[in-house]
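In what follows, a single structure is set out as structure tokens and then discussed.
Since the structure is predicted, the reported quantities are computational estimates derived from the model, not experimental observations.
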Amino acid sequence: MSTAQSPVPAPWPALRAAHHTVVPRRPVILLGPHGPVTVGSVAEAHLSALAAWPHWIGIDPGAVTLHFGGDIGAINTRWATVNEALRAQGLIVAWRDEPYGVWDDQEVSHATIERAASRFWGTLTLGAHCNGYVADALGRPTHLWVAQRSLNKPTDPGMLDNLIGGGVPLGQSPWEALQREAFEEAGLAPDEIAQATPGRVVALHCDIPEGLQREHLHVYDLRLPAGRAPQNQDGEVAWHQCWPVAEALAAAAEGRFTTDAALATLDFAVRHGVVAAHDPLAVALEALVAGAASARSFAPRRGRRGRRQHLPCQPNGVPT
């Protein structure tokens, strides 16, 4: 495929949505065992709800400060109490009963909250997406595996997605989350998904109906042999289909993919030369990648004083 120009035209709504915010928000500072750290933000419209906990939550003109205690256990317990109350008020929706880290921009976790609460608080989340593709004899991508999300999914039901895509829970690295999701979403064996290669990390910062999505999206690629069809195992994918690369890009350009999946697909196309590096689409994506240029896939481990530390990993998960 020629890289002289974009194989598909604008509008690519995912590029606009990735860094689009209009809701006024106030920074959130957590007073933890190692001092204050900015961990997110809350909508100005929700400040009155937070006033119910004046002994735990300080609301000032410049920031919202969380005084949940001096140790991780107290922080997690009191934050959970607040989140349960906000859920009862309908301010936190799509509850998952899934713990997420409260990450800073270096992907170090300072507390644990319910996954759904991350959007209310505007805390950083981590995502892992994998482009499944088929290539010709010269290694040039010809087709991409496209998934349709189940109509029962709590977010983006029925929209198009990558071969594998999901959030990264507390205690896993993006690479580890990808290994887990590989069987659940596509029926891939461990030795198959181990062949995936890392792409780049795309930063999102955008308003969504649940609040603010602030995410580091870790992108991977996996070449599948012709005839190897993925099979969903957990009921969260309606179907997988193998589309010509240009057709998949056109669907992403039309807004038929989720924002995350569209960006992961475009990142694949740029890195594999389907979209030229000087193309306006590639330039627009590069601005998002630059926003998370220091973020990489890491294998988490506990360091001194309870803080989560990281070691750089090779794609196979072995520390370098």
Side-chain angles (χ1 to χ4, degrees), residues 17-127 154-155 167-170 203-217 291-292 294-295 305-308:
H19 269 229
H20 177 74
T21 57
V22 295
V23 176
R25 301 182 68 89
R26 194 167 301 186
V28 171
I29 298 173
L30 174 65
L31 293 183
H34 310 298
V37 57
T38 300
V39 294
S41 64
V42 293
E44 296 277 350
H46 295 153
L47 295 179
S48 58
L50 299 182
W53 298 277
H55 50 301
W56 288 346
I57 302 176
I59 302 174
D60 299 308
V64 171
T65 305
L66 306 181
H67 305 264
F68 286 148
D71 62 82
I72 295 298
I75 291 172
N76 292 344
T77 298
R78 290 167 182 169
W79 209 336
T81 298
V82 172
N83 287 337
E84 287 282 2
L86 295 172
R87 178 192 185 188
Q89 298 174 46
L91 297 179
I92 295 178
V93 298
W95 197 271
R96 307 287 189 90
D97 287 320
E98 185 175 349
Y100 260 34
V102 179
W103 310 96
D104 60 24
D105 286 339
Q106 286 69 49
E107 299 188 4
V108 175
S109 182
H110 298 270
T112 303
I113 60 174
E114 152 64 26
R115 175 177 181 173
S118 62
R119 303 313 191 199
F120 176 90
W121 294 100
T123 57
L124 178 68
T125 57
L126 308 181
T155 56
V168 179
L170 185 69
L204 288 79
H205 190 108
C206 52
D207 291 332
I208 59 174
E210 298 80 18
L212 180 72
Q213 180 181 10
R214 191 163 67 89
E215 185 159 283
H216 285 173
L217 179 63
S294 63
R305 300 189 300 175
R307 280 180 63 103
R308 184 174 299 278

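Nearest heavy-atom pair, His216 versus Asp105, reported as atom, atom and distance to 0.1 Å: CE1-O, 3.5 Å. The two residues Ser41 and Leu212 come nearest to each other via the heavy atoms OG-CD2, 3.7 Å. The two residues Tyr100 and Val168 have their closest heavy-atom pair at OH-N, 3.5 Å. Summarising the geometry of Leu86 relative to Ala49, their closest heavy-atom pair is CD2-CB, 4.2 Å, with the distance given to 0.1 Å. For the pair Ala94 and Ala116, the tightest heavy-atom approach, listed with the atom from each and the gap, is O-CB, 3.4 Å. Considering every non-hydrogen atom in both Ile75 and Gly32, the closest pair reads CD1-CA, 4.0 Å.
A distance of 9.5 Å separates CD in Glu44 from CZ in Arg25, rounded to the nearest 0.5 Å. Within the model, atoms CD1 of Ile113 and OG1 of Thr123 stand 4.0 Å from one another, a figure rounded to the nearest 0.5 Å. The CD1 atom of Ile59 sits 10.0 Å away from the CH2 atom of Trp53 when rounded to the nearest 0.5 Å. Atom NE2 of His110 and atom CD1 of Ile72 lie 8.5 Å apart (nearest 0.5 Å). One finds the CD atom of Glu114 at 8.5 Å from the CD atom of Glu84 (value rounded to the nearest 0.5 Å). The CD atom of Glu215 sits 3.5 Å away from atom OG1 of Thr125, with the distance rounded to the nearest 0.5 Å.
Looking at Arg115, its side chain never comes within 3.5 Å of a backbone N or O of Arg96 through a donor-acceptor pair. Checked by atom type and distance alone, the side chain of Arg26 pairs as donor or acceptor with a backbone atom of Asp60 at under 3.5 Å. Between the side chain of Gln213 and the backbone N or O of Asp207, no donor-acceptor pair lies under 3.5 Å.
No donor-acceptor contact under 3.5 angstrom links the side chains of Ser118 and Arg214, judged on distance only.
Ring planes of His205 and His19: tilted class, angle from 30 to 60°. The aromatic rings of Trp121 and Trp79 lie perpendicular to each other, with more than 60° between the two planes, well past the 30° mark.
Tested against Leu30, the residues Val39, Val64, Thr65, Thr38 include a single side chain to side chain contact (heavy atoms under 4.5 Å, CB included) partner, Val39. Here the rule is side chain to side chain contact (heavy atoms under 4.5 Å, CB included) with Val28, and of Val37, Ile57, Val42 only Val42 fits it.
Residues Phe68 and Val82 are in side-chain contact: their nearest non-hydrogen atoms beyond the backbone lie under 4.5 Å apart.
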